[in-house]
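Report on the structure given below.
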2 protein chains.
Amino acid sequence: MTSSPFRSSCPINLGLEVFGDKWTLLIIRDMMFAGKRHFREFLTSDEGISTNILADRLAMLTRVGIVTRAGDPSHRLKAIYSLTEKGIQLLPVIAQISRWSRSHMPVDPTLAITGEARDRAGPDAVEAQMVALRAMHLGTGS
Amino acid sequence: MTSSPFRSSCPINLGLEVFGDKWTLLIIRDMMFAGKRHFREFLTSDEGISTNILADRLAMLTRVGIVTRAGDPSHRLKAIYSLTEKGIQLLPVIAQISRWSRSHMPVDPTLAITGEARDRAGPDAVEAQMVALRAMHLGTGS
DNA sequence: GCAATCGATTGCATTTTGCAATCATTTGGA
DNA sequence: TCCAAATGATTGCAAAATGCAATCGATTGC
């Protein structure tokens with residue numbers, strides 16, 4: 001009766017149970033680097049996510065508190081997805097994946113520019129970008 | 001005829017195409033933190049990977065150059081799996097996932113100790129552990 | 001010999017994914 | 001007012017991946 005929904009409570013495993021698939025982090029990436037906030041926008045990325053997978057992942061991300069969903073004040077049909085602090089703190093994970101791939105995989109040089117600049121700017125660059133994401137996705141603050 | 005085997009050449013995506021699943025990084029984790037090198041050892045982890053998935057992932061990791069396979073000199077049947085430099089450099093990714101989970105998921109405190117100690121020790125701790133992994137997995141060096 | 005152990009494969013039911021078509025609702029313009 | 005376009009999804013269905021147990025041939029240790 002008291003069985004956990006997780007395979008184990010290891011930190012690595014718990015992360016993988018949330019974003020250990022081929023699509024979830026790409027959605028977060030698009031919110032962070034491409035400023036995407038609407039359902040249709042995520043469909044335009046190069047990898048070509050399909051609508052059912054996207055809907056499923058957005059619902060999951062909302063359920064686990066990485067993303068929030070709100071109605072667009074100007075278009076009643078439109079939904080606006082925002083990152084929570086929990087989601088913004090995935091940036092260091094994504095930055096580290098980027099670093100590994102740029103060292104070991106055949107990345108497109110154009111798509112590597114953002115990550116290279118972040119690395120050149122030093123360790124504070126990730127923090128700075130998280131500050132910017134908070135301004136965009138969390139309340140305006142005073 | 002010249003189509004890429006990848007969905008895109010984005011750094012984030014290329015990383016996910018290699019380790020974007022629920023099992024691959026757990027195998028790497030076990031090699032890094034539990035010192036596991038033999039097929040049977042990986043089967044004893046809490047998450048309970050099955051033999052066909054394990055065989056599939058070990059073959060894939062070998063194929064992409066994250067792991068090498070060698071025969072055990074003392075037991076002809078035994079295979080010894082080692083991390084390559086490409087594999088060792090996944091430690092920063094794993095450390096970052098651990099950090100996120102320890103902040104945002106219900107991790108087992110006992111299993112969090114290693115990561116907490118690494119964080120307390122400062123940024124050099126990851127580098128130091130990579131040095132140790134090189135000593136264990138790459139040639140002895142002179 | 002012979003049981004135990006090695007890495008790995010097979011068979012099969014279940015689940016997840018990929019892909020296209022479609023949905024009901026709302027918006028914007030004529 | 002009407003109607004096409006756009007919104008966030010859902011559905012149907014084939015294909016692929018996964019989970020699980022049984023099993024494989026080869027080798028080791030006794």
Side-chain angles (χ1 to χ4, degrees), chain A residues 3-8 13 16-27 30-31 34-64 66-83, chain B residues 3-8 13 16-27 30-31 34-64 66-83:
Chain A
S3 76
S4 164
F6 302 116
R7 301 180 297 181
S8 84
N13 176 65
L16 294 177
E17 296 221 28
V18 172
F19 52 78
D21 71 87
K22 300 245 182 292
W23 293 113
T24 301
L25 283 184
L26 293 185
I27 297 173
D30 285 348
M31 295 184 81
K36 301 189 178 180
R37 310 289 291 268
H38 300 294
F39 190 90
R40 296 273 167 175
E41 293 180 292
F42 296 107
L43 299 176
T44 65
S45 297
D46 286 342
E47 294 85 10
I49 194 172
S50 54
T51 59
N52 53 350
I53 303 287
L54 176 59
D56 176 86
R57 294 303 190 280
L58 285 172
M60 179 275 289
L61 287 170
T62 302
R63 182 171 55 78
V64 303
I66 286 176
V67 151
T68 57
R69 195 198 126 111
D72 187 315
S74 66
H75 302 267
R76 198 179 322 194
L77 249 195
K78 268 187 176 169
I80 299 186
Y81 294 95
S82 303
L83 290 166
Chain B
S3 75
S4 164
F6 301 115
R7 301 180 298 181
S8 84
N13 176 64
L16 293 177
E17 297 221 27
V18 172
F19 52 77
D21 72 88
K22 300 244 180 288
W23 293 112
T24 301
L25 284 185
L26 293 185
I27 296 172
D30 285 348
M31 295 184 80
K36 300 190 179 181
R37 311 288 290 269
H38 299 294
F39 190 89
R40 297 272 167 173
E41 294 180 293
F42 296 108
L43 299 176
T44 66
S45 296
D46 285 343
E47 294 83 11
I49 193 172
S50 54
T51 59
N52 54 348
I53 303 287
L54 176 59
D56 176 87
R57 294 304 190 281
L58 284 172
M60 180 275 289
L61 287 170
T62 302
R63 183 173 53 80
V64 304
I66 286 175
V67 152
T68 56
R69 197 198 124 111
D72 187 315
S74 66
H75 300 268
R76 198 182 319 196
L77 251 195
K78 266 187 178 169
I80 298 187
Y81 294 95
S82 303
L83 290 167

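Naming: A, B, ... by sequence-line order, numbering from 1 per chain.
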Legend entry - side-chain N/O B:R57 vs D:dA17 OP1/OP2, d < 4.0 Å: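 Looking at the OP1 and OP2 atoms of D:dA17, neither is under 4.0 Å from any side-chain N or O of B:R57.
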Inset, instruction - Report yes if at least one side-chain N or O of A:H75 is closer than 4.0 Å to OP1 or OP2 of C:dG28; otherwise report no. - result: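 Yes, because at least one side-chain N or O of A:H75 sits under 4.0 Å from OP1 or OP2 of C:dG28.
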Inset, instruction - Give A:R69 one of three labels, base, sugar-phosphate or nothing, depending on what nucleic acid heavy atoms sit under 4.0 Å from its own. - result: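 Result for A:R69 = sugar-phosphate.
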Inset, instruction - Looking at every strand, decide which applies to B:R7 at a 4.0 Å heavy-atom threshold: base, sugar-phosphate, or nothing. - result: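 Nothing, no nucleic acid heavy atom in range.
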Interatomic spacing from [atom1] in [X] to [atom2] in [Y] - rounded to 0.5 Å:
X     : Y     : atom1 : atom2 : answer
A:L61 : A:R69 : CG    : CZ    : 13.5 Å
B:T24 : B:M60 : OG1   : CE    : 3.5 Å
B:R7  : A:D46 : CZ    : CG    : 11.0 Å

Legend entry - Shortest side-chain distance from B:Y81, nucleotide among C:dC19, D:dG8, C:dA8: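 Of the options given, the side chain of B:Y81 lies nearest C:dA8.
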Legend entry - Nearest-nucleotide pick for B:L58, side chain only, options being D:dG29, C:dA8, D:dT10: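 Among D:dG29, C:dA8, D:dT10, the one nearest the side chain of B:L58 is C:dA8.
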May I have the distance from [X] (atom [atom1]) to [N] (atom [atom2]), rounded to whole angstrom?
X     : N      : atom1 : atom2 : answer
B:I53 : C:dT16 : CD1   : P     : 13 Å
A:I49 : C:dT16 : CD1   : C1'   : 14 Å
A:W23 : C:dG18 : CH2   : C1'   : 9 Å
B:I27 : C:dG7  : CD1   : C1'   : 14 Å
B:I80 : C:dC6  : CD1   : P     : 13 Å
B:N52 : D:dC24 : CG    : C1'   : 14 Å
B:D56 : D:dA16 : CG    : P     : 15 Å
A:D21 : C:dG18 : CG    : C1'   : 14 Å

Inset, instruction - Residues of residues 36-44 of chain B with any non-hydrogen atom less than 4.0 angstrom from an atom of DNA chain D: list those, numerically ordered, please. - result: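 Residues of residues 36-44 of chain B that come under 4.0 Å of DNA chain D do not exist, since none gets that close.
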Test item: [X] side-chain N/O and [Y] main-chain N/O as donor-acceptor pair under 3.5 Å:
X     : Y     : result
B:S45 : B:E47 : no
B:K36 : B:F42 : no
B:H38 : B:I80 : no

Inset, instruction - Give the C-alpha distance, both sets of side-chain angles, the deciding distance and a yes or no for side-chain contact (heavy atoms from CB on, under 4.5 Å) between B:I49 and B:L43. - result: CA-CA 6 Å; B:I49 193 172; B:L43 299 176; 4.1 Å; yes
Legend entry - Most 5' of A:L77 and B:G48 on DNA chain D, judged by nearest nucleotide: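 Its nearest nucleotide being more 5', the pick is A:L77.
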Legend entry - Check: C:dT9 base within 3.5 Å donor-acceptor of B:T51 side chain: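 Result: at least one qualifying N/O pair found.
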